[in-house]
Every structure is written in C-alpha cells, then in structure tokens.
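Quantities reported herein were computed from a predicted structural model and do not represent experimental measurements. No hydrogens, no waters, no symmetry mates; every other heavy atom, side chains included, goes into these values. First the proteins, then the strands, lettered A, B, ... as listed; each starts at 1.
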Amino acid sequence: MNIVNAINNAIDIKLNEDPNVLAFGEDVGKEGGVFRVTEGLQQKYGKQRVFDTPLGESGIAGSAVGMAIAGLRPIIEMQFSGFVYPAFNQIVSHAARMRNRTRSRYSTPIVIRMPYGGGINALEHHSESMEALFAHVPGLKVVIPSTPHDAKGLMIAAIESDDTIVFMEPKRIYRAIKQEVPEDKFSIEIGKGKIVQEGTDLTIVTYGALVREVQKAAVMAKKQGISVEIIDLRTIYPIDRDIIRDSVTKTGRVITVTESPRSFSVASEVSQIVIEEAFLNLEAPPKRVTGFDTIVPLPKGEHHYIISPEKIYYEILDTIKY
Amino acid sequence: MNIVNAINNAIDIKLNEDPNVLAFGEDVGKEGGVFRVTEGLQQKYGKQRVFDTPLGESGIAGSAVGMAIAGLRPIIEMQFSGFVYPAFNQIVSHAARMRNRTRSRYSTPIVIRMPYGGGINALEHHSESMEALFAHVPGLKVVIPSTPHDAKGLMIAAIESDDTIVFMEPKRIYRAIKQEVPEDKFSIEIGKGKIVQEGTDLTIVTYGALVREVQKAAVMAKKQGISVEIIDLRTIYPIDRDIIRDSVTKTGRVITVTESPRSFSVASEVSQIVIEEAFLNLEAPPKRVTGFDTIVPLPKGEHHYIISPEKIYYEILDTIKY
Amino acid sequence: MFEKYNPINDLMLQVINNDGKVINKEFFPKLDDIQIIKAYKDMLFERTADLMTVSYQRQGRIFTYPPNYGQEAIHIASGMVIKNEDWLVPAFRELGAYLAKGATLKEIFLYFMGYEDGTVFKDANHILPISVPIASQLIHGTGLAYAAKYLNKKEVVFAYVGDGGTSEGDFHEALNFAAVWKVPVVFVVQNNQYAISTSKEDQTVSVNFAIKSVAYGMKGIKVDGNDLFAMYAALNEAHDYCSKGNGPVLIEALTYRKGAHTTSDDPTKYRDKAEEEKWEQKDPLKRLKSYLIDNKLFSEDQEKNIIDDYKKEIDRIFSEAENYEPYSLNEVFKHHYADMPQDLKNQQREHENFLKWKES
Amino acid sequence: MFEKYNPINDLMLQVINNDGKVINKEFFPKLDDIQIIKAYKDMLFERTADLMTVSYQRQGRIFTYPPNYGQEAIHIASGMVIKNEDWLVPAFRELGAYLAKGATLKEIFLYFMGYEDGTVFKDANHILPISVPIASQLIHGTGLAYAAKYLNKKEVVFAYVGDGGTSEGDFHEALNFAAVWKVPVVFVVQNNQYAISTSKEDQTVSVNFAIKSVAYGMKGIKVDGNDLFAMYAALNEAHDYCSKGNGPVLIEALTYRKGAHTTSDDPTKYRDKAEEEKWEQKDPLKRLKSYLIDNKLFSEDQEKNIIDDYKKEIDRIFSEAENYEPYSLNEVFKHHYADMPQDLKNQQREHENFLKWKES
Ligand SMILES: Cc1ncc(C[n+]2csc(CCOP(=O)(O)OP(=O)(O)O)c2C)c(N)n1
Ligand SMILES: Cc1ncc(C[n+]2csc(CCOP(=O)(O)OP(=O)(O)O)c2C)c(N)n1
Ligand SMILES: [Mg+2]
Ligand SMILES: [Mg+2]
C-alpha cells in the first residue's frame, strides 16, 4: 500500500463500520478526489455518504460543523492546503470552538483532510506547508503522517476522535512509499511521535515528506561516524514533548527539519520545547532547517527552496562541530 | 493623545497629504468605527475616501488589493481581529503574494488595521491575539504599537510602506495611556524594537498591551534588586534580531511575554532567535509567559487567562533563580 | 403563498395593518384566541426582559448587550412554529425564540455576564449557541439540515441572520449548499434596516432581501416582520414546505431595530428621529395589542399587571444569575478537547502553582 | 438588450445558430468583414496554440496545463471589446483574452514551465496575473473598478470566473460590493458545464447563472458563449453600460470545456461521449467558419495554410521559452517586499554558503 491507498483504506473501513461517517468535498465523490484518495468510495457507499460539493470551502467546513453537531462524523477534503483559507473562519471560529462554547454539549468530530507540501512541480498555491497556522489555534489537533502504515493508523484514530483533526497529507510522497500495511483496522494514538531511527550524537525532529530526506542525510552522516536519531512527530499539536525530551537528553544536539517558512514555524516550537525540557543537556543550540520565509517558488525555482539531504547533512556537520 | 487619537491623527495626516489614501471598512465612515479610530475623517475627506462597506471582510480586503494595484493606498479595518478570518484568503493568497507573483510589477501597499487582544470584558471572538498567524505568512509585515507615540509613527510608516502591513491595535490600552505626541508628521521604522527600560539581570521581550504589565512587574523585581531590561518589539515580523541579541548577550536571561496562546507563538520564535544569537551567553533557558493554549474565556473567566504583573514577576524570580 | 408573494415583484406578506386591522384574510393563520393572547404576552415578556436587561447593563451589572426590541413578532412567531425536534440556529438577536425553544432567561443573563454556561441552553432541545461571527452560523444550519435528511429525521432547521449578514460570503455558501442538497432549512433574514451604523442601502442595492433566494433557485418571501400573523403564516408555510422535502426557504422579515445595536452603540450618530418615529407606528406589540383590544381579547389594565409580574419575575431571575457560581480555572481548560492534551494539563497545573505562590 | 434578455425569463442571447446562420439580426454587432475574419483567425490561433500546449505537456516539456478549447469565442470577443485602458482580471482559462490584451504566448509557456515571470505579462497594459484561488480575483476587479471611478478614469474592468467559481463566497462579495459601489466592472462567468468533475447541476440549482445578478440588483444576461457575435454584442453592451456609470454587469457565457480540466484530469471518469458530441455541434470555431464560408469570406484551403504557419510560429515561440534563462536563487527572494527584511537576506546568504560548500 502507498499513502493514498492507506488513507482510502482507512476511510473505507470507517465508512463500512459506522453509518455516521461521511466523506465529501470538491470532486471527492464521482472521481474520488484529484489525488484519488477517495476513489471507489462513492460507488461503494452511495451519493449520500460520499459526495461532491459545490465549490466553496467555507460551505464544506461549515456544513461539516452542523453535521457533526447532529451526530455525524464528516471527513472533509480541502483540495489542496493552499485552498483552505476560505474555510479558515469556519475552522478557527467554529470547528475549533464549538465544544468549548457549549461546555462540551456539542463536539465536532471532523477530519479536515488536505494534501500539503512542495516538490510536485505544481502551480502556485499547490505547494505550501502551513501546519503552524493550525497548530497555533486552540481547539484543533494537527496530524501529519509520513508512511502508509502511519497514514492508515492515524486516519482511523482521527475519524474516531471526538475532536476536530486537521489531517495534512504529504502529497509529495502520496505514492512514493510502498509498505505492507495490515488490512484490518488499527489505530495510532494522536499526539505520539515515533523514533524512526535510533542514534546517539544528534536528534533530528521532522515529519511528513521530509522524514525520508532526513533518513538520507543520516546515511551520509553515518559515513562520517555521526549517529543520528530521527523523530517523526506525526502529530504537530499536541506535540510529543516526551519523545523530544528523552532523545535530546541523550544526544545533546537537535535539529528540526520542516519545509515550511522558517519564522514562527514548528521548528521554533520544537526548539522552545527542547530548551524547556533539556536545557542543561544541550551541547549546541537547537537548530532549524526549514524553507525560506518566502512563498514556495514555481517549479523552475523550487529546487532552491526544497530541502535536500545534502542541506540537512551540511547542517548536521555544523551542529556536531559546535 | 491616547492611542485612538494617535492613529486617527496619523490617518488624518496621510489622508490630507495624499489623495491616494483611502480608509474603509465596516462602520468606519459615518460613525468612525466602533472604537472611533476613524472618527471625523469621513466628514473631513468625504464619502469617496472614508466609507462604510457592506459586511464582508473578504470583500474589504480583496477590494483593497484591487485598489492598491491601481495605485491607491487603502487603509482597511477589520472590526475586531477575531473577524479577520473571512478575509484570510485575500490576505494570505493575494495581499501577501501579489508583488511576488508579478515580480514586483504590482505591489499592495495596504494597511490592515485591527483591534486585538483581551482584557475588555468582551463577547466571544473579541479578545484574541493571533499575531503569530500573520507573522508566519511570507509577504506580510506585522506591526503592534504599545504607546500613542509609537502608534502614530508606526501608522505613518505603515501607510507609506509599499508592503502590506497587518497593523494590530492593542484595544485594551486604546484610551489607557495619554502621551504628548508631536502634532507634525513623523514615522518610526518598521522592523525596529525599542528598549523601554534598560537593565542588566534579565531581558523581557514583549509588545502591545503587555508592555505596561511588564513594567509593573519590573518595578516589583527592582524591589528585590533585580534589574530588568524591557524590549518592546513593535514589529512582530520582521522581528528585530539585533535588539534581542544585544540585550540577551548582556543579561544572559530572557522571558518573552505575550497574551496569545503559548504553542507556536511569538514567544517560541523569540526563544529560537535567542538561542541562535546568544546561546553561549545564556544563564537560564529562555522562557515564555503567555496565554494558555485555550480560547480566551468570556469575561467572568478572563482573569484566569490575563497575564498579571504578579505572574510575570513570579516567572522573573524563577528565571533569576535558575 | 410563495408563488403569490414572489419576491421578484417586491410584494410583502402582511396580515394586519398598523392599526391591528386584518387586511389579508386569506393568510390569516389558524390560531385560536388563546394562542394569540399567549403570543402577545410572550412578546410583552420579551420586551420587558429586554428593556430590563438594557437597564441592568446601564447599571454595570452585565456587559455589552444587543437589544431585541422592535423585532419581537419575528421571535415569538418563530417560537410558535419551531417544534421540539426542529433546530434553532441563532445569530444573537432572537431572544424570544431562544426562550420559546427552552433556553432560560437566566442563561441569557449568564451569557451576557460573561459565562459560557449561558450559551449552552442545556435544557433546550436542538438549539445552537449564540453565534457572533456574522452569517457563519447559516452554514451550520445547512449541515444540520443535511444530517436531518440523511438520518431521515422529521426536523426542520431555522437559521437566523441580519440584513448586514446577507453580505457575507457565508450567506451565499449556506444558501447555495442548502438548495443544491435540497435540505429542510429556513433561513430568516431579520432585516432591521441597520448593521450597526450601516444602513440597508449601503449593504445591498437588490430590490429586497428575499429576492436573493432567486440566485439559489430556492423559494423566498418578504414578510412584514412586525406583523405576528404574517410572520407566523410565513414561517409555518416554510416549515410545511421543508417538511415535505421541497428544500430550503428564505424569509425576509422586514423590521426595525428600535434600540441601539448594542449597549455600546449610539444610534443618534447615524439615524434620525423622524425615521424612528415612522417605525414607531409599526411597532409589533402595538399592532397586535390593537388587534386584541379590537377583538376584546385584552385590556390595557391587564397589561399593566402582567408587566408588573414580569418585572418581578425577571428581577428574581436576574439576582439568581448574579449569584451564579464563580468561574473556576478548570472551566477555562476543560472543554476544548474530548481528549485533553498533556500541554493543557501542564499549563493549568503551572498556573495553579503560581496561584499558590501568590497566596503565600 | 439587458431588458430583453432578462435572466429571470431564462432567455439566451444568440446571434448565429449552430450552422452559422444569422438568426438574430437585431443584435448582430457592428463588425466589418475584416474584423470578423480576424476574429476567426484569432480563435484559430488560440485553438492551435492550446492544442499544441497540451501536446507539449504530454511530451513532458511543460507542467500541468488547463486547456481552453471550446471556449475561444468568449476569449476572442473579450479581446475585441477590452480596450487598452480597461483592466483584464483573469482566472486561468482565458488564453485568447490574455494574448489580445498584450500578453505573449512565450509568457504563457513560461508560466506553465514554472516561472513567475510568465504571469507578469509585462508589455500588456492593465492586466492582472493568472489567479488560481477560485473566484478570489473577482474582488480585485471590484477594487480596480472602485479606483477607476474614484480616479475619474475611463476604465472598465473585465473579471472572469468559471461556473464552479460562482459558488464561492468571494463571488457573492465581489458582486455585492460592485453593485453597492456602482462601479464599472463586467463579471464574466464562463459556464463550461464543469468544475473539474463537478457538473453544473451539482454546483447550483438556480435557473441559470446570469440570474444571480438579481440578488445584487445588477444587470445580468445569459449569452451563447460559443457564438462570437453574441459574445461580442453582450460584452460591448456591458462595456457601454459600465462606461456610462451605470454600475456592474454579470454575463453568463454558456459554453463547454471540450478538453480535460487540466492535463492531469481524465474527463471520461465523469462525462460521456454523447454529451461531448452534442456540444461538438456547437463548437465556436465551426460555427463562425460556417458563417464565413457562407458569406464567402474564408475557405477551407486558407485554413490549412494558416494553421501550418501558426504551428511553425508556436513551435518557434515554444523553443524560445524552453531556452529561457535559469531561475536564480535571487529570484526566490527578491520580490516579496518593497523593503526586504534582513531575515530574508540572511536566509539567502546562508543558502549561498551551503551551495558553495556543496560545490567544494
Ligand atoms: C464576521 C464578523 N464581522 C464583523 C462583526 C462585528 N459585528 C457584530 S454585529 C455586526 C452588524 C450585524 O448586522 P446585521 O447582520 O444586520 O444584524 P443586526 O445586528 O442588525 O441584528 C457587526 C459588523 C462580526 N460579529 N462578525
Ligand atoms: C479556492 C479554491 N478551491 C479549489 C481550487 C481547486 N480547483 C482548481 S480549478 C477548480 C474548478 C474550477 O471550476 P470552474 O470555476 O467551473 O472553472 P473551470 O475550471 O471550469 O474553468 C478547482 C476546484 C482552487 N484553485 N481554489
Ligand atoms: Mg441588521
Ligand atoms: Mg467550469
């Protein structure tokens, strides 16, 4: 299974199991989404449960809020994360707040799916990584898988969660990784990171499509005798402090790698957590390797922006030398 | 002059000086805005230049983009920062990007004004501090004054800037501080912080309505012989690295105080800058004193959320003891 | 009714005139005298409670409050039509409708005193909380109606918005989605002539608000919102229409916000006495009272007594609200997530540590 | 014209039928034969360029591309009506209109090869870049029109959107603001029956798209978008109407997206051959060619030669684009701010240091 299959499989399992689960969005029904993540599901579950909506992100997110209050569990798609902004008001002012506003009377168990991230030679607005925007909003949880296995387990958990989950899908690796994934239902706890690879000299915290790139950089580092521990956050909010603390306490050095703009990013938050949790263990300043504080360039310029394993390796050397 | 007068004065000066300057938004014209920031300006400059719009934030921000392309300099108001989200798409996808998208052919010299922050016993959505959301978006600048003098100088600079400026106004102190402010035009450079008070033991970085609270805490600290240096950032993006570096290099200790939710906040970014710029000078981990990762409670619960001088003082002691 | 009052022709459904005379027998609703008397009393209660709330605010006993007076016919008629299983999706200026749906006045007071508890309406069935971001709630109405249809429930959703709110993009998306999905939701535009200081003319230049329904291929009707009978008739017809699976309806209720936008607002800045007086003639209570008195169903004397009783009751409820339990720190954190993140727990604990230190 | 074709009655302005016969003399526009022949050639150029671009994409020489074919009459008529001082506010499927406005085909190629340079249209006056976030550009059109009115300039704004785009909140706000402000902007809905895979029926249940104008109190008209004469007549009338200070106009141009949504899309998933064939009868080029041939203004032989020339020219332009200068790191940073933050400068310098290290 690749990530697309894994997410499809997770949604399929939940649609099958729970009649309250619905999946909708622009082009989600008949053609199964522009990335085919929901392919075949309308055919299987009917037009009332898996469907195309009019072209309006606010309408999609807002109607999901209403449905959720009525007891349904909508899985909605924003066609690209760059097009979530028209829905921002519904997400921030309502999905994230309805439970608090009604003192837990109503909750909004909505999964807001959206492909995100660069590296696919796309038009403008099709390449951004703005997870920090959601992570800063009280009342939301933000999940980003990096493997088919995790994508399935996290999607099941997201659909079953009574909270609103922003589920960001690293489209660059939608089909790039194939894995054996159990056919049965399983879930992965939201809020827990994963040690992708153990190491002793330096910790790299990352997530999404960059986990693979970090792994490549770690191979380069290994050749120089540098042992890198890699953490895949999997959930951006609530972030897994424990896994970060335990790792950095051990290694004393940390780099956070994210493809988003640098300032006010997830990397800054991870560094803050590190200094809160492991200040005295630090042998070098927590570093961030990120996109620039720029818009992702159109394809011909994107190689400048995209974070290469070499760049990560270069920063590893810098941190180790410190 | 208080902050309301100062901003009114700045807008007045620019309306008078430059026929391309317009000011509009919901209730901005006839009644001069719900906080009276634009009071009297429609009477003075006419309905074509200072006016009420239909109730649509996207329409307000989006039409400002069009006007700016045509050579005008719109100053628009979001009635409260909690109501900016319907305009988020226009701000993030267009105002922030038009210049880059057109390789500097068109720029969007727009000032997006919005009262923000808590402490005024308001209804829901009237108390948030979400400046980090804007600060993370490439292409925007984010300005927050804390005194009448700065409000005027920064507003003049914002109107004269060819960039899109998110101008957040700390409504809690709109009328709380009176200052002598020069009647003539002057401007304050965007991107430069200010040392509010010099000190040697610890740096506090803050902005907006909390500058005053930090000053109170510094008085408490002084009684204990602790000398606090206070930095008012004034601009959130681009943030003034130099002033932070120079101060923390000297004091070795830093706390960032902001009323926004904690995670992924301006405080995290400041800490990151500190560790990038002054790691070896640090005698304690950079700390953040912030709102909770919660929605600002309604007035009866707001005292729990609001950051008191005592709380800041408490954290000063903690950092000094480290 | 929807054919006859097609908004394209800019007609308005009216049943009684300003003097309370029935001018449109065809649409006089099937209500018996007892129901009509009760409706009037409910309007009286709403007005009394509303005016008293404004004065509590002037006394500094509650925070900013958006008064309802002038718009009671819409609210009370809504309350009469909306059934227990139906959904009420409020904006924030529908006091009588909340109360009819089972919200308590105490809760309303609590809300404007600054407690989230006050917008839960915990004993009311199928009601949403007060919604401040203009027009955004309409889409929830569409979603609720989708759920009703999907789950085969006999529910109709009633979602409210102001004249100003019709300009928001969310108004457009809510109505379009509802029409495409053909779901049972009645959108009620309380056209009270103003959005804060912004007049209807600066809001839209369409012939009326009801005609906006045409853009979505849905039924729409303009109704005299100060005429209880007309409002009841239209809402009831809309309920019926929706129940039968015909899809959504848009009702424009023409009315006037007699008071300020909120207690923080000063209407003299943007409207004149002459206009206020013109609308005074159309006051919904006055009109219905004339009808009742003409038909010997009610007397001025009665009114005085009733109001006195109401006042006492309202004062009692208000002091109950004033003695509500303190807002604990726990309440700040507790309701954000079904599964609360450790970070929130830590933040609460840290703050408790600070409070302990502060006390010592 | 707007009275006669009031969208409430769901009439459509058409001037020639599918066979190119004039069926509506009243609205046959004042165009001489030379203009008409040129219009046809421009449509032919657009189609040729468009089809070749799709094939370049198939060869992997450009990235995703949204084809225009089927919609050329709208674009070329627009190009004929839009004056140098007028503004063109594109969505992303108006190729012929960009070219007429002064954009170059080379730029278009550059854009879809992945250069921002390709959307600057630097020699074209008063044109906005291609806009991807659906419907958002319409509000820029309203703002430009406000500026034109405020600055007393004789400019009319033409802003484009698809059928799908009419569902976005921004469509609503753009039209409402324009109507309230009474500013000179013509909104053109290219109703090509689909928004990616979503059919018009799943998009709205209004009678037509032009009728949405009624909600804003503005003029609207439904036009056969595959009929160059009808499109020209309507656009010209709208230009005139706007120029005279009457406020905005909404034009629905009924057409069909003959190709895929983009080169990444596969329409066989959601529409059938029968439908495509039905629309083939209404192809805008075929219809105008029939008219020309009937009137002895053009011959099939000519066409072949013209297309051959076009192909050569297009190929030449394409290789020019393929040899465009490399995209420098500086270009990534340079255009974000008039006054570039130090942070951006630092980030660029750091990256340059890395590149130096990498090379060594
Ligand atoms: C999205 C949004 N923008 C602005 C506001 C501030 N605001 C509160 S009420 C109001 C006017 C509402 O007018 P209308 O819809 O006519 O309702 P009314 O107050 O007349 O009942 C405005 C602008 C808001 N609450 N939400
Ligand atoms: C706000 C936003 N949401 C989603 C998309 C993805 N998207 C690109 S084109 C398109 C369909 C547009 O349909 P229509 O408006 O009919 O124009 P057409 O493609 O038919 O010319 C969608 C959904 C987008 N670009 N912007
Ligand atoms: Mg109103
Ligand atoms: Mg289309």
Side-chain angles (χ1 to χ4, degrees), chain A residues 25-36 39 47 51-60 62 79-80 82-83 85-87 89 120-126 261-263 289-305 307-308 310-315 317-318, chain D residues 63-64 66 92 110-119 129-136 162-171 195-199 202-204 261-262 264-267 269-270 324 326-329 331-333 335-336 341 343-344 347-348 350-351 353-355 357-358:
Chain A
E26 294 154 15
D27 308 295
V28 158
K30 217 180 232 182
E31 73 161 13
V34 295
F35 288 103
R36 309 283 179 262
E39 187 154 43
K47 276 197 168 181
F51 52 98
D52 299 325
T53 63
L55 212 175
E57 289 76 13
S58 193
I60 295 167
Q79 201 159 82
F80 286 83
F83 305 133
Y85 304 120
N89 190 39
I120 63 155
N121 288 324
L123 284 174
E124 207 194 340
H125 307 286
H126 289 72
R262 176 168 311 174
S263 297
V289 177
T290 68
F292 310 128
D293 283 354
T294 67
I295 295 152
V296 182
L298 289 191
K300 275 291 193 301
E302 207 182 353
H303 64 285
H304 294 301
Y305 185 97
I307 296 163
S308 62
E310 288 76 23
K311 177 93 178 254
I312 302 165
Y313 172 58
Y314 168 78
E315 302 287 5
L317 294 182
D318 191 63
Chain D
F63 298 113
T64 310
F92 49 80
L110 288 175
Y111 185 63
F112 292 104
M113 283 174 179
Y115 292 97
E116 283 87 355
D117 284 359
T119 191
I130 285 172
S131 178
V132 174
I134 301 295
S136 58
D163 45 323
T166 64
S167 297
E168 285 280 1
D170 274 5
F171 172 84
I196 309 187
S197 72
T198 306
S199 69
D202 287 339
Q203 201 64 247
T204 187
H261 170 69
T262 67
S264 315
D265 175 50
D266 172 10
K269 289 222 159 207
Y270 52 83
Y324 196 65
Y327 193 123
S328 73
L329 179 63
E331 283 289 306
V332 175
F333 288 92
H335 301 288
H336 284 69
D343 262 335
L344 280 191
Q347 290 174 18
Q348 180 172 350
E350 279 169 28
H351 196 69
N353 289 342
F354 156 66
L355 293 174
W357 169 86
K358 197 175 141 189

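For chain A, no part of D:Phe171 is nearby; none of its heavy atoms comes within less than 4.5 Å. For chain A, the nearby part of D:Ser328 is the backbone; its heavy atoms alone come within less than 4.5 Å. Of the atoms belonging to D:Ile134, it is side-chain heavy atoms, and not backbone ones, that fall under 4.5 Å from chain A. D:Phe354 touches chain A through backbone and side chain together, each having a heavy atom under 4.5 Å away. The contact between A:Leu317 and chain D is made entirely by side chain atoms (from C-beta outward), counting heavy-atom distances below 4.5 Å. Contact of A:Gln79 with chain D is made through the side chain alone, with heavy-atom distances under 4.5 Å. Contacts between D:Asp170 and chain A at a heavy-atom distance below 4.5 Å are absent for every atom of the residue. Of the two parts of D:Asn353, the backbone and the side chain both hold a non-hydrogen atom closer than 4.5 Å to a non-hydrogen atom of chain A. Proximity to chain A involves both the backbone and the side chain of D:Gln203, based on heavy atoms less than 4.5 angstrom apart. Looking at A:Pro297, both its backbone and its side chain come within 4.5 Å of chain D, counting heavy atoms on both sides. Heavy atoms closer than 4.5 Å to chain A are found in both the backbone and the side chain of D:Ile196.
For the pair D:Thr119 and D:Ile130, the tightest heavy-atom approach, listed with the atom from each and the gap, is OG1-N, 2.9 Å. Minimum interatomic distance between A:Asp293 and D:Leu344 (heavy atoms only, all atoms of both residues): O-CD2, 3.3 Å. Of all the heavy atoms in D:Gly164 and D:Ala195, the pair that sits closest is CA-CB, 3.8 Å. In plain terms, the two heavy atoms of A:His303 and D:Tyr327 that are nearest each other are CE1-O, 4.3 Å. D:Phe112 approaches D:Pro66 most closely through the heavy-atom pair CE2-CD, 3.4 Å. For D:Ser197 against A:Asp52, the heavy-atom pair with the smallest separation is OG-OD2, 4.4 Å.
Of the listed residues A:Thr53, A:Thr290, A:Thr294, the one with more heavy-atom pairs under 4.5 angstrom with chain D than any other is A:Thr294. For chain A, the option among D:Gln348, D:His351, D:Glu331 with the highest count of heavy-atom pairs below 4.5 Å is D:His351. Of the listed residues (A:Tyr85, A:Phe292, A:Tyr305), the greatest number of heavy-atom pairs within a distance under 4.5 Å of chain D belongs to A:Phe292. Chain A forms more heavy-atom pairs under 4.5 Å with one residue of D:Asp343, D:Val332, D:Thr166 than with any other, namely D:Val332. Among A:Ser308, A:Pro299, A:Ser263, the residue making the largest number of heavy-atom pairs under 4.5 Å with chain D is A:Pro299. Put simply, of A:Asp27, A:Asp318, A:Ile295, the one with the most heavy-atom pairs under 4.5 Å next to chain D is A:Asp27. Among A:Glu26, A:Glu310, A:His126, A:Lys311, the residue making the largest number of heavy-atom pairs under 4.5 Å with chain D is A:Lys311. Residue with the most contacts toward chain A among D:Tyr324, D:Phe92, D:Tyr111: D:Tyr111 (heavy-atom pairs, distance under 4.5 Å).
The aromatic rings of D:Trp357 and A:Tyr313 are tilted relative to each other, their planes meeting at an angle between 30° and 60°.
Between the side chain of A:Lys300 and the main chain of D:Met113, a donor-acceptor pair closer than 3.5 Å is present.
Rounded to the nearest 0.5 Å, atoms CZ (D:Phe333) and CD (D:Gln347) are 6.0 Å apart.
The six-membered or imidazole ring of A:Phe35 lies near that of A:Phe80, with a centre-to-centre distance under 6.0 Å.
Sparse packing is recorded around NZ of A:Lys47, with 12 or fewer heavy atoms of other residues, nucleotides or ligands lying under 6.0 Å away.
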Please lay out, stage by stage, how D:Asp265 and A:Glu31 fare under the test side-chain contact (heavy atoms from CB on, under 4.5 Å). CA-CA 10 Å; D:Asp265 175 50; A:Glu31 73 161 13; 3.5 Å; yes

